[in-house]
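Sharing a structure, written as structure tokens. Questions coming.
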Amino acid sequence: MIHTLPDTFEAAPDCLQGKNILVTGAGDGIGRAAALTYARHGATVVLLGKTVEKLEAVYDEIEASGGPQPAIYPLHLNGAVFKDYEDLRDTLEKEFGALHGLLHNASVLGERKAIGQTSVDSWNEVMQVNVNAQFMLTRSLLPIMDIPDTASVIFTSSSVGRTGRAYWGAYAVSKFATEGLVQVLADELANTSNIRVNSLNPGATNTAMRRAAYPGESPDTNPMPEEIMPLYLYLMSDASREQTGLQWNAQNT
Ligand code: NDP
């Protein structure tokens, strides 16, 4: 069953006050919008991504709008090894004590080809960034997410991670793996932790990834990342503290 934003939810301006939230792929697209939105609602945001200039631009935007001072953590998810994630955890623990939210957003599209034509290098890169990095990041951060009385992990899925489709290759398979990780982790944590885990499909959104996947489509066919933020806020705020192990869609269509 697919869930959508409850009609009754309205994000209070300070609904993320006092929360420390890490966003991957925070420099562009949906991750950028989520980082800015979370900061606007009071969160201290850790901006993780691979292009430092983009992260700095988001940092400056948050500072200029008077949000809590964010932090930048440059990391190439395709090259990072588990020690890098442990170092990140140690840094966050030292600087912030605990983490209340983790948005797994960064992904790569890889080759849009038939499985029979997909290069092994492209397959491996997609699996490394979209699956292995998410596992390592989650595994290293769970201890500092277990400290607060409630914490939220959001994994980003896709419609091709729920029903397979020709020529979506490693990307689709990586999103199925993401859905599997959500189910296994949510089940494990349901009775042992205050950490909730959900899968969020943003739906077609006007970003660089969407434009690369559909070069023939007029970009303004789709909403801008800012327009799909209500569900991102709901799942990160305490309003969703009872929700775990579920599949969500940010758009109704
Ligand atoms: P974009 O390509 O616009 O942004 C992806 C972000 O991830 C960028 O900030 C990028 O950094 C970062 N990133 C990519 N590779 C790495 C890496 N190796 N290490 C660190 N950071 C990396 O994508 P979207 O905003 O469109 O997508 C966000 C999420 O939503 C993804 O998980 C995607 O699969 C999902 N999604 C998107 C849809 C859409 O229509 N847009 C539809 C369904 C799902 P940099 O800019 O520095 O390269």
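Basis for what follows: all heavy atoms, side chains included, without hydrogens, waters or symmetry-related copies. By convention here, the first residue in the shown sequence is residue 1. All ligand and atom numbering here is 1-based and tracks the order in the structure.
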*Counting each atom of ligand 1 from 1 as listed, which ones have a heavy atom of Lys54 under 4.0 Å away?*
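This gives 45 (P), 46 (O) as the contact atoms.
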*Using a 4.0 Å heavy-atom cut-off, say whether Asn105 meets ligand 1 through its side chain, its backbone, both or neither.*
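Contact part for Asn105 vs ligand 1: both backbone and side chain.
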_Could you measure the distance from the CZ atom of Phe9 to the OG atom of Ser240? Nearest 0.5 Å is fine._
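The distance works out to 8.0 Å.
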*asked:* Against the six-membered ring of Tyr38, is Arg40 placed for a cation-pi contact (under 6.0 Å from the centre, within 45° of the normal)?
replied: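 No, Arg40 does not sit over the ring of Tyr38.
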*asked:* Nearest 0.5 Å, please: how far is CD1 in Ile195 from CG in Asp146?
replied: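 With rounding to 0.5 Å, CG (Asp146) is 4.0 Å from CD1 (Ile195).
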*Nearest non-hydrogen protein atom, atom 44 (C) of ligand 1*: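 Nearest neighbour among protein heavy atoms for atom 44 (C) of ligand 1, to 0.1 Å: Ser157 O, 3.2 Å.
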*What atoms in ligand 1 come closer than 4.0 Å to a heavy atom of Gly29?*
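This gives 3 (O), 25 (O) as the contact atoms.
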_Residues, nucleotides or ligands: over 12 heavy atoms within 6.0 Å of Glu226 CD_ =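 Yes.
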*Look at atom 5 (C) of ligand 1 and find which of Ser107, Gly31, Ala133 reaches it with the closest heavy atom.*
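Ranked by closest heavy atom to atom 5 (C) of ligand 1, first place is Ser107.
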*Going by the atom numbers of ligand 1, which of them fall below 4.0 Å from some non-hydrogen atom of Tyr171?*
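So the atoms of ligand 1 that pass are 33 (C), 34 (O), 35 (C), 36 (N), 44 (C).
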*Taking the side chain from Ser174 and the backbone from Ala172, do they hold a donor-acceptor pair closer than 3.5 Å?*
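Between the backbone of Ala172 and the side chain of Ser174 there is no qualifying donor-acceptor contact (under 3.5 Å).
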*Interatomic spacing from CG in Leu200 to CG in Leu103 - rounded to 0.5 Å*: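 Those atoms lie 8.0 Å apart.
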*With rounding to the nearest 0.5 Å, note down the distance linking SG in Cys15 to CG in Asp238.*
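Taking SG in Cys15 and CG in Asp238, the distance rounds to 8.5 Å.
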*Return the residue, atom name and 0.1 Å-rounded distance of the protein heavy atom closest to atom 4 (O) of ligand 1.*
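Nearest protein contact, heavy atoms only, for atom 4 (O) of ligand 1 is Asp28 O, 4.2 Å.
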_As an exercise, identify every atom of ligand 1 less than 4.0 angstrom from a heavy atom of Asn78._
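Those qualifying, in numeric order: 18 (N).
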*Does a salt bridge link Asp90 with Lys94, judged by any charged N lying under 4.0 Å from a carboxylate O?*
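Salt bridge absent between Asp90 and Lys94.
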*Below 4.0 angstrom from a heavy atom of Gly25, which ligand 1 atoms are there? Numbered from 1 as shown, please.*
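So the atoms of ligand 1 that pass are 6 (C), 7 (O), 9 (O), 12 (C).
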*Can you find a pair of side-chain heavy atoms, one from Arg89 and one from Asp84, that are under 4.5 Å apart?*
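Not in contact.
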*Pick whichever of Lys175, Met209, Gln128, Arg210 has a heavy atom sitting closest to atom 2 (O) of ligand 1.*
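It is Met209 whose heavy atom sits nearest to atom 2 (O) of ligand 1.
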*Starting from atom 25 (O) of ligand 1, which protein heavy atom do you reach first, and at what distance in Å?*
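Result: Ile30 N, 2.8 Å.
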*Tell me, which protein residue and heavy-atom name are nearest atom 48 (O) of ligand 1, and how many Å apart are they?*
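Ranked first by proximity to atom 48 (O) of ligand 1 is Lys50 NZ, 2.5 Å.
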*Of Ala106, Pro202, Pro74, Ser158, which has the heavy atom at the shortest distance from atom 13 (N) of ligand 1?*
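The residue whose heavy atom sits nearest atom 13 (N) of ligand 1 is Ala106.
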*Between the main-chain N or O of Trp248 and the side-chain N or O of Asn198, is there a donor-acceptor pair closer than 3.5 Å?*
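No, the answer is negative, given that no donor and acceptor are paired below the 3.5 Å cut-off.
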_Shortest protein heavy-atom distance from atom 38 (C) of ligand 1, along with the residue and atom involved_ =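 Going atom by atom, the protein heavy atom closest to atom 38 (C) of ligand 1 ends up being Gly203 O, 3.9 Å.
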_Taking atom 15 (N) of ligand 1 as the reference point, the nearest protein heavy atom with its distance_ =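 Ranked first by proximity to atom 15 (N) of ligand 1 is Val108 CG1, 3.5 Å.
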*Atoms of ligand 1, numbered as shown, that sit under 4.0 Å from any heavy atom of Leu75*: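 Taking each heavy atom of Leu75 in turn, ligand 1 has 19 (N), 20 (C) under 4.0 Å.
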*Would you give the length of the straight line joining atom CG of Asn20 to atom CG of Leu92, rounded to the nearest 0.5 angstrom?*
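Here the rounded value is 8.5 Å.
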*Thinking salt bridges, do Glu217 and Arg211 make one under a 4.0 Å N-O criterion?*
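Salt bridge flag = no for Arg211 with Glu217.
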_Can you tell me which residue among Ser157, Ser107, Ser158 is in a side-chain hydrogen bond (donor to acceptor under 3.5 Å, both in side chains) with Lys175?_
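That would be Ser107; it is the only one of Ser157, Ser107, Ser158 passing the side-chain hydrogen bond (donor to acceptor under 3.5 Å, both in side chains) with Lys175.
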*Of all the heavy atoms in Pro225, does at least one lie under 4.0 Å from an atom in ligand 1?*
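Per 4.0 Å heavy-atom rule, Pro225 does not contact ligand 1.
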*When you measure from atom 30 (O) of ligand 1 to each heavy atom in Thr156, Ile228, Thr205, which option holds the nearest one?*
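Ranked by closest heavy atom to atom 30 (O) of ligand 1, first place is Thr156.
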*Taking atom 20 (C) of ligand 1 as the reference point, report whether a protein heavy atom occurs under 4.0 Å from it.*
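Given the 4.0 Å limit, the answer for atom 20 (C) of ligand 1 is yes, a protein heavy atom qualifies.
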*Distance filter under 4.0 Å to Leu77 heavy atoms, resulting ligand 1 atoms*: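 Selected atoms, number and element: 17 (C), 18 (N), 19 (N), 20 (C).
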_Quick test: of every protein heavy atom, which one is nearest to atom 26 (O) of ligand 1, and how far off is it to 0.1 Å?_
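Heavy-atom neighbour on the protein nearest atom 26 (O) of ligand 1: Thr207 OG1, 2.5 Å.
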*asked:* Suppose I only count heavy atoms of Thr51 and a 4.0 Å limit; which atoms of ligand 1 are within that range?
replied: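 Result: 45 (P), 47 (O).
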